[in-house]
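What follows is a short report on a single structure.
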Amino acid sequence: MDLLKDPVNDRQVKTLKPPPHRPLSRNLMFPDKLKNKPDWKLLRDHLQKEGRIAKEDLFKLVADCNKLLKNEGNVLYLQDPLTVVGDIHGQYYDLLKLLEPKVGGNPENTKYLFLGDFVDRGSYSIEVIVLMYAIKLNFQNSVYFLRGNHECRQLTAFFNFKEECLYKYDQETYEMLMDSFDLFPLACIINSKFIAIHGGISPDLKSIEDIKKIERYHEPPRQGLFCDLLWSDPVDQEQGYLDTAWKSNEVRGCSWFFGGDSANKFLQRNNLISIIRAHEAQLDGYKMHRWNGGQDFPVVITIFSAPNYCDVYNNRGAVIKFENNTLNIQQYQYTPHPYLLPNFMDIFTWSIPFVAEKITEMLYNILQTDIQGDDDEQISESDIQQFKQLTKQTGLQKQSTTGSSQGAQKNTEKLKNKIKFVSTMMKMQRTLREERESIIQLKGACPDKRLPRGILMKGKDAINDQLADFTTAKSVDLINEKMPYAQIPQESIQIKKPSTQRKK
């Protein structure tokens with residue numbers, strides 16, 4: 001595709017190639033030589049340049065992939081060699097790194113299992129979904145998806161995927177993608193000895209057959225087995241100890257914490273070795289929950305594949321590579337990506353608070369020279385300050401009832417109202433400019449997406465206090481933002497598959 005032109009040669013960053021100025025044409029996206037399959041390599045490069053595809057082509061891509069997803073069972077059964085991938089969260093440029101031969105492997109000769117959470121947080125969730133669906137259509141017997149807790153309507157509306165869909169396409173596109181997410185399988189058995197899920201196990205999970213009985217083609221419920229597979233977490237305790245078999249997951253706002261006792265009982269009943277899951281950010285991209293002792297095989301392995309999560313955590317990404325009954329952890333660093341303004345704002349919307357503050361300052365300066373009494377009484381800066389101090393301490397004093405006194409009082413009232421209005425505007429605009437990030441966070445936390453009445457007038461401290469009050473609202477996904485302090489420092493590890501006998 002042709003790139004945007006630069007006829008006057010005024011592009012500021014010459015090293016960054018301009019994006020394509022038209023969507024990828026259908027004849028290029030679905031060439032005849034591929035028999036109606038998408039050209040995933042061309043699509044990969046097009047999206048890397050910040051290109052788009054037409055809405056009708058996106059719908060065709062998703063509809064074709066839906067046919068494959070719907071025919072897959074709730075539980076997949078895969079054998080190594082296999083690369084297992086954790087959360088991606090809309091980080092398209094890190095996904096490209098992951099798909100390189102030296103990291104996860106080329107999809108042309110690598111079998112992949114993705115554990116969900118393709119969307120939200122990052123600004124390129126659409127691109128992630130488009131490329132993933134295109135790769136699956138080309139390699140339907142070697143690329144598989146599981147559903148994550150973010151593949152649902154509730155969280156994509158709360159975070160930014162819905163907003164991204166509306167910005168890049170429309171509401172119809174968002175609803176179509178949500179319907180597609182309803183088709184994702186829920187679990188995978190690897191080498192007949194590992195269970196892979198997004199979140200964790202459940203009090204309602206006794207055997208693998210319980211997962212097969214779930215009716216999955218709908219929005220995940222807020223409780224029960226379906227919910228727990230996407231939402232539950234291993235307890236953050238070195239020995240995996242819990243006072244009870246299951247503990248309510250108050251951090252998530254739903255589901256459970258499970259410990260070593262519950263995990264071991266489930267694994268023993270089903271003749272499995274370990275639980276492989278995603279769902280939690282990790283400083284090194286992975287965590288081994290060695291609840292049976294340091295020399296035994298980990299009861300739970302957490303994998304997280306979004307390096308430098310949310311552009312602030314400076315964590316590594318990692319994938320698990322199964323090959324010849326050996327499990328390897330491959331880490332990688334983040335890849336720089338094009339910068340987007342918060343909430344997909346354009347430069348004009350983003351600059352309004354700055355422009356408005358300058359306009360208000362201009363108005364204030366005009367008032368100082370333009371406001372005069374009807375009898376040409378000049379009002380200086382010192383007069384204004386004295387007047388403001390006087391009104392704070394004693395309020396306005398009554399003037400005499402003579403005509404000249406009444407005129408002076410009228411002008412004073414006008415001056416007071418104008419100064420009050422302008423100073424209020426200046427304070428609000430300064431708050432908008434200086435506390436932009438906090439205001440955006442607060443607006444996102446409010447149920448109706450509106451700021452509390454009068455909050456801009458109260459300034460920084462009031463905004464921070466309001467944000468603290470919304471801690472419970474953010475707890476739905478708090479663990480995704482919580483980073484563990486102690487992690488394994490190696491670049492990679494290799495673990496031999498143990499015998500099937502486990503400690504009781």
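FYI, the numbering just counts along the sequence from 1.
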Verdict with reasoning, F226 to H218, per side chain to side chain contact (heavy atoms under 4.5 Å, CB included): CA-CA 10 Å; F226 191 173; H218 57 81; 3.8 Å; yes
What one should report as the nearest heavy-atom pair of G259 and L242 is N-CD1, 3.6 Å
Given 3.5 Å as the limit, does a donor-acceptor pair link the side chain of S274 with the main chain of V299, or not? yes
Test side-chain contact (heavy atoms from CB on, under 4.5 Å) applied to E172 - qualifying residues, sequence neighbours left out: K55, F59, D170
Run the side chain to side chain contact (heavy atoms under 4.5 Å, CB included) check on L186 and I197 step by step: do they pass? CA-CA 7 Å; L186 303 178; I197 44 185; over 6 Å; no
Counting distance only, does the side-chain N/O of T156 pair as donor-acceptor with the main-chain N or O of C152 below 3.5 Å? yes
Output, in order, the C-alpha distance, side-chain angles, deciding distance and verdict of side chain to side chain contact (heavy atoms under 4.5 Å, CB included) for K247 and D233. CA-CA 10 Å; K247 179 183 175 183; D233 294 296; over 6 Å; no
Residue Q223 excluded, over 12 heavy atoms near CD under 6.0 Å: no
N271 side chain to L267 backbone, donor-acceptor under 3.5 Å: no
Distance-only side-chain donor-acceptor flag, N191 / D80, under 3.5 Å: yes
Looking at OG of S125 and CD1 of I88, how far apart are the two atoms once the value is rounded to the nearest 0.5 Å? 10.0 Å
Any chance the rings of H150 and F159 have centres within less than 6.0 Å? yes
Under 3.5 Å donor-acceptor, N324 side chain and T326 backbone: no
Determine whether a donor-acceptor pair (N or O, by modelled atom type, separation under 3.5 Å) exists between the side chain of N315 and the backbone of Y309. yes
Ignoring hydrogens and geometry, is there a side-chain-to-backbone donor-acceptor pair from D39 to L42 under 3.5 Å? yes
F118/F145 aromatic ring centres below 6.0 Å: yes
Determine the interplanar angle of the F181 and F161 rings, folded into 0 to 90°, and report it as parallel if under 30°, tilted if 30 to 60°, perpendicular if over 60°. tilted
Just checking, any donor-acceptor pair under 3.5 angstrom between side chains of N292 and N264? yes
Do F114 and Y112 have their ring centres less than 6.0 Å from each other? yes
Keeping N270 on the side-chain end and K206 on the backbone end, is there a donor-acceptor pair under 3.5 Å? yes
Run the salt bridge (charged side-chain N to carboxylate O under 4.0 Å, His left out) check on K265 and D261 step by step: do they pass? CA-CA 6 Å; K265 287 180 179 178; D261 184 57; 3.4 Å; yes
Is it the case that more than 12 heavy atoms not belonging to K60 sit under 6.0 Å from its NZ atom? yes
Scan F344, Y93, Y339, Y167 and name whichever one has a ring pair (Phe, Tyr, Trp, His ring centres under 6.0 Å) with Y124. Y93
Taking atom types as modelled, is there a side-chain donor on H198 or N149 under 3.5 Å from an acceptor on the other? yes
Go through the structure and list residues passing side-chain contact (heavy atoms from CB on, under 4.5 Å) with S142, not counting sequence neighbours. K111, F139
Does the Lys NZ or Arg CZ of K97 fall within the cation-pi geometry relative to Y334 - under 6.0 Å from the ring centre and within 45° of the axis? no
From the options R44, K168, R52, select the one residue that forms a side chain to side chain donor-acceptor pair (under 3.5 Å) with E127. K168
Does R222 reach the side chain of Q154, with side-chain heavy atoms less than 4.5 Å apart? yes
Give a yes or no on whether K212 atom NZ has more than 12 heavy-atom contacts from other residues, nucleotides or ligands under 6.0 Å away. yes
N249 vs S255, test: side-chain hydrogen bond (donor to acceptor under 3.5 Å, both in side chains). Steps then yes/no. CA-CA 6 Å; N249 195 333; S255 194; 5.5 Å; no
Would Y77 and S192 count as having a side-chain donor-acceptor pair, cut-off 3.5 Å? no
Tell me if the aromatic rings of F258 and F266 count as close, with their centers under 6.0 Å from one another. no
Any carboxylate oxygen within less than 4.0 angstrom of a Lys/Arg side-chain nitrogen, looking at D236 and K287? yes
What about the rings of H337 and Y92, do their centers lie closer together than 6.0 Å? no
Do any N or O atoms from the side chain of D94 and from the backbone of T335 form a donor-acceptor pair under 3.5 angstrom? yes
Donor-acceptor contact present, side-chain R216 to main-chain L183, <3.5 Å: yes
Set of side-chain contact (heavy atoms from CB on, under 4.5 Å) partners for L166, sequence neighbours left out: K162, Q171
In terms of side-chain heavy atoms, does H289 have a donor or acceptor partner in R277 at a distance below 3.5 Å? no
Would W291 and V300 satisfy side chain to side chain contact (heavy atoms under 4.5 Å, CB included), going step by step from the backbone distance to the final call? CA-CA 8 Å; W291 293 339; V300 179; 4.1 Å; yes
Taking C-beta and beyond as the side chain, do L229 and I214 meet within less than 4.5 Å on heavy atoms? yes
Hey, does the side chain of E280 reach the backbone of T302 with a donor-acceptor pair shorter than 3.5 angstrom? no
Spacing of CD1 belonging to I303 relative to CG belonging to D87, to within rounding of 0.5 Å: 10.0 Å
Does CG in N109 sit with more than 12 non-hydrogen atoms of other residues, nucleotides or ligands closer than 6.0 Å? yes
Donor-acceptor side-chain pairing of R316 and Y332 below 3.5 angstrom: no
Does N106 reach the side chain of L99, with side-chain heavy atoms less than 4.5 Å apart? no
Aromatic plane relationship, Y133 with F184 - under 30° parallel, 30 to 60° tilted, over 60° perpendicular: tilted
If I take atom CD1 from residue I195 and atom SG from residue C188, how far apart are they, to the nearest 0.5 angstrom? 9.0 Å
So, taking the atom named CG in N138 and the one named CG in L43, what distance separates them when rounded to the nearest 0.5 Å? 10.0 Å
